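As structure tokens, the structure follows; a few thoughts come after it.
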Amino acid sequence: AAVVVMLISAVVCSVASVPDVREGGHCLRLAAVEHLQEIGVDRAAVAAHAAAIQSSDEAVVTSGGYERKLEVNGKTYCHIIDPQTGYPVDNGTVSVTVISDSGFRSDALSTALFVMGREKAAEYWRQAGDFDFILLDADNNLWMTDGAKESFQLAKGFDFTINLIE
């Protein structure tokens, strides 16, 4: 099985073609690599990658509101809609990355947990417990489950507060 590494970008990210990995509605940077150092930035809009997740035989999917967005009168609205209000999500969540055994599940959960926000996402994870996730909030806090922390590597030069969800 190939090792898949996902880079979480602090600004935006892009998709690299990997067998069985398709670009969806989410902003991903996936690459089959042997060493983390071999991953390069292939898009001028990417300022820097904040972290890497090393995974094997798992689906890693990120939902974020930082690339697809609309700015109106100085306020930025993300493309992810809260089904309760019908408006763009505005709960302080920047991105959610889900690691599970299913691409469909990781895709659905990353968006759902984004909409839920940190506290409800953590509560849902505690009940389900069969996936891992990382949530980045607008205050540069990274919230992650223990399983996600095992494969997580923060890039040098980034000053995020890392919090474990228990």
Side-chain angles (χ1 to χ4, degrees), residues 1-67 78 80 92-114 116-119 121-122 124-126 128-166:
V3 174
V4 174
V5 177
M6 192 203 100
L7 300 176
I8 302 171
S9 173
V11 181
V12 295
C13 47
S14 61
V15 175
S17 181
V18 179
D20 299 326
V21 177
R22 294 184 212 146
E23 182 172 5
H26 303 285
C27 179
L28 302 179
R29 167 84 172 129
L30 294 176
V33 297
E34 293 180 19
H35 304 287
L36 293 178
Q37 298 85 346
E38 293 180 12
I39 296 173
V41 175
D42 63 353
R43 191 167 173 180
V46 178
H49 292 293
I53 297 171
Q54 188 167 0
S55 180
S56 178
D57 296 327
E58 295 175 307
V60 181
V61 178
T62 297
S63 290
Y66 42 80
E67 186 171 71
C78 79
I80 300 173
T93 301
V94 173
S95 71
V96 176
T97 300
V98 174
I99 307 161
S100 81
D101 61 356
S102 162
F104 291 113
R105 187 149 193 261
S106 291
D107 186 23
L109 282 172
S110 65
T111 303
L113 298 177
F114 187 100
M116 289 179 199
R118 181 182 56 85
E119 290 180 18
Y124 182 84
W125 170 78
R126 286 184 198 105
D130 58 348
F131 66 93
D132 288 294
F133 78 98
I134 299 170
L135 184 146
L136 173 62
D137 70 22
D139 295 322
N140 285 334
N141 293 300
L142 281 169
W143 300 87
M144 64 185 70
T145 60
D146 195 41
K149 188 175 181 181
E150 292 173 13
S151 61
F152 177 84
Q153 182 179 8
L154 187 63
K156 291 179 183 176
F158 286 90
D159 189 24
F160 292 113
T161 303
I162 299 174
N163 304 282
L164 190 61
I165 297 171
E166 300 183 64

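What you are looking at is a predicted structure, and each value in this text was computed from that prediction instead of being measured.
The backbone N or O of Val96 sits nowhere less than 3.5 Å from a side-chain atom of Ser110 that would complete a donor-acceptor pair.
Using a 4.5 Å heavy-atom threshold, the side chains of Lys149 and Asp132 count as separate. Between Asn141 and Thr161 there is a side-chain heavy-atom pair separated by less than 4.5 Å.
Atom CG of Leu164 and atom CH2 of Trp143 lie 10.0 Å apart (nearest 0.5 Å). If you take CG on Leu135 and CE on Met116, they are separated by 11.5 Å, rounding to the nearest 0.5 Å. Note that CZ of Phe133 and OG1 of Thr145 are 6.5 Å apart. Values are rounded to the nearest 0.5 Å. To the nearest 0.5 Å, atoms CZ (Phe114) and CD1 (Ile80) are separated by 4.0 Å. For the atom pair CG of Asn163 and CD1 of Ile134, the computed distance is 12.0 Å after rounding to the nearest 0.5 Å. Atom-to-atom distance recorded for Asp107:CG and Ser100:OG is 10.0 Å, nearest 0.5 angstrom.
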Yes or no on side chain to side chain contact (heavy atoms under 4.5 Å, CB included) for Ile165 and Arg126, after CA distance, side-chain angles and deciding distance?
CA-CA 9 Å; Ile165 297 171; Arg126 286 184 198 105; 4.0 Å; yes
Take Thr93 and Asp137 through the test side chain to side chain contact (heavy atoms under 4.5 Å, CB included) and record every step on the way to the result.
CA-CA 4 Å; Thr93 301; Asp137 70 22; 5.8 Å; no
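A donor and an acceptor atom, one from each side chain of Ser63 and Thr111, are located under 3.5 Å apart.
Between Ser102 and Arg105 the shortest heavy-atom distance is OG-N, 3.1 Å.
Classification of the Phe131-Tyr124 ring pair by plane angle, with boundaries at 30° and 60°, yields tilted.
Of the options Thr97, Val98, Val61, a side-chain contact (heavy atoms from CB on, under 4.5 Å) to Leu109 is made by Val98 and by none of the others.
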